[in-house]
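Index from 1, following the sequence. Both counts, for ligands and for their atoms, begin at 1 and track the order of listing. Atoms considered below: every heavy atom in the structure, side chains included; atoms not considered: hydrogens, waters and symmetry mates.
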Amino acid sequence: MLPSMTHNAHFIGNQWVSTLSGETLPVLNPSSGEIFARIARGNRADIDAAVATARQAFAGPWGRLSALERGRLLARWAEAILANQDELAGIESTDTGKPLKQARADVVALARYFEFYGGAADKLHGQTIPYQEGYTVLTIREPHGVTGHIIPWNYPMQIFGRSVGAALAAGNACVVKPAEDGCLSLLRVAALAAEVGFPAGALNIVTGLGAEAGQALAEHPGIDHISFTGSPDTGKRVAIAGASHHCPVTLELGGKSPQLVFADADLDAAMPMLVGAIIQNAGQTCSAGSRVLIERAIYEPLLERLAQRFSQLRAGPADLDLDLGPLVNRKQQQRVWDFLSDAQADGIPIVAQGEVVDEAPAKGYYQAPVLLRDVPPASRLWQDEVFGPVLSAAAFDDEDEAVALANGTPYGLVAGVWTRDGARQFRMARRLEAGQVFINNYGAGGGVELPFGGVRHSGHGREKGFEALYGFTRLKTVALRHG
Ligand code: NAD
């Protein structure tokens with residue numbers, strides 16, 4: 001069903017459609033830095049075509065399906081995805097540089113989203129509201145209509161799953177603009193949607209650049225809701241574009257998530273999660289645990305343990321399946337280098353570094369994991385999202401200082417707390433400004449079932465879990481006066 005990877009096309013109305021301009025973009029393999037595919041360079045005209053097709057589907061066969069039938073389609077799609085796990089993981093790993101085991105986990109998570117939202121589709125209902133004598137008042141949850149989804153390159157399948165899965169379950173038709181650096185797996189997933197029987201136009205994908213296809217999608221008056229995941233700056237542009245046609249926008253914009261380790265913590269349990277939360281996907285995770293705050297009594301011993309582990313970590317080509325793969329592109333690699341050279345200029349000490357293995361091609365975008373200590377709260381390293389395998393450590397003396405340090409960035413996506421003190425667990429959960437707080441674990445975004453989203457510069461709106469279904473619907477109140 002999917003044309004060869006060098007045959008570039010959008011997926012519109014269950015068909016492969018060439019871009020109207022005929023222009024294409026090269027796709028580079030981050031492990032080697034070599035071009036291995038081309039994608040269609042979508043523009044405003046392609047977005048117009050995709051939105052028109054989605055609108056027809058919403059007004060037609062897709063819009064007329066019952067919630068039960070939509071749920072069954074999602075469940076069938078999940079099965080097809082799992083049946084093609086190896087192929088999808090291979091595509092994702094080559095396209096984004098993810099180690100194969102991470103790419104396989106992403107395929108399973110994608111299927112899990114469709115299982116979850118498939119099961120939820122026919123359980124989304126309104127309420128009756130007690131009102132005046134002689135009235136019956138009820139609420140109906142209706143789909144927005146056509147939803148736009150702008151997806152980043154760090155977890156193409158997972159973020160597509162959480163956003164498109166919920167939108168389709170709620171009855172919307174979708175137009176998706178994946179990232180130019182991570183869209184090939186989604187084209188294959190779209191082909192599977194057609195194979196399992198989704199009516200034409202329920203799902204449409206237009207590939208291309210953010211400033212072209214992405215901007216056109218966000219500005220399009222035929223789009224009734226936008227879900228965006230990516231950087232705060234682009235999120236602002238998308239929100240402004242949405243506002244230009246009074247379109248609701250959900251933003252998930254990353255973070256600078258802290259893990260707080262108190263002296264009474266179970267350090268054996270914490271260690272793998274302190275390390276895993278920053279090296280997963282080479283640190284290119286919105287909910288990466290990129291700051292570790294350590295109670296002073298255990299600062300030196302815990303840093304020593306972390307340093308020992310960091311010095312063992314190895315980065316290399318995705319197919320070697322090491323601790324981490326390359327970064328996604330040259331721009332991200334340069335971004336990480338800039339943070340590290342600023343840190344050096346500020347005199348922030350590096351405690352330990354991993355290695356890039358000899359087999360890594362020189363043109364790949366590799367970065368060894370780095371652990372830094374005594375990172376000043378005002379530094380760029382403490383305040384800004386690096387989006388690389390860079391862990392910043394600092395000491396604190398008491399709960400108040402820990403909370404002030406944890407909350408002292410513009411972000412607020414996820415936080416982790418490690419302590420055996422039950423009362424402190426609750427105090428911290430209440431005081432930390434984040435969309436998710438993990439106590440004695442760290443979910444890096446958490447499960448499919450758990451509502452997820454940020455505060456402040458991390459964005460607004462909630463995805464995942466049942467909560468996402470409310471975001472992908474609008475509520476209508478019906479007041480019937482019957483006397
Ligand atoms: P980005 O925010 O520019 O891109 C994310 C998505 O938005 C892509 O699909 C892109 O094509 C699209 N886009 C870009 N400009 C657009 C526009 N004007 N209108 C509509 N869509 C547009 O992110 P990036 O440049 O790939 O990465 C830069 C930084 O963003 C990273 O270093 C990282 O800090 C952050 N980031 C965060 C996440 C996350 O999951 N929160 C994901 C990717 C990147």
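For Phe339, there are no ring pair (Phe, Tyr, Trp, His ring centres under 6.0 Å) partners, not counting sequence neighbours.
With a 4.0 Å heavy-atom cut-off, ligand 1 is reached by the side chain of Trp153 but not by its N, CA, C or O. At a heavy-atom cutoff of 4.0 Å, ligand 1 is contacted by no atom of Leu217, backbone or side chain. Only the side chain of Gln332 comes within 4.0 Å of ligand 1, judged by heavy-atom distances. Contacts of Arg237 with ligand 1, taken as heavy-atom pairs under 4.0 Å, involve the side chain alone.
The single protein non-hydrogen atom nearest to atom 44 (C) of ligand 1 is Phe387 CE2, 3.7 Å, given as residue, atom name and distance.
With atom 41 (N) of ligand 1 as the reference point, the heavy atom nearest to it among Gly254, Gly148, Ala288, Gly255 is part of Gly254.
Counting protein heavy atoms under 4.0 angstrom from atom 4 (O) of ligand 1 gives zero.
Note on ring orientation: taking the six-membered ring where Trp is involved, the planes of Tyr113 and Tyr117 are parallel (angle under 30°, cut-offs 30° and 60°). Between Phe198 and Trp62, the angle of the ring planes lies from 30° to 60°, which puts this pair in the tilted group.
A salt bridge does not link Lys177 with Glu212: none of the charged nitrogens is closer than 4.0 Å to a carboxylate oxygen.
Atoms of ligand 1 found under 4.0 Å from any heavy atom of Glu180 (numbered from 1 in listed order, with element): 10 (C), 11 (O).
Sorted by first then second residue, the side chain to side chain donor-acceptor pair (under 3.5 Å) pairs that include residues 314-326, not counting sequence neighbours, number zero.
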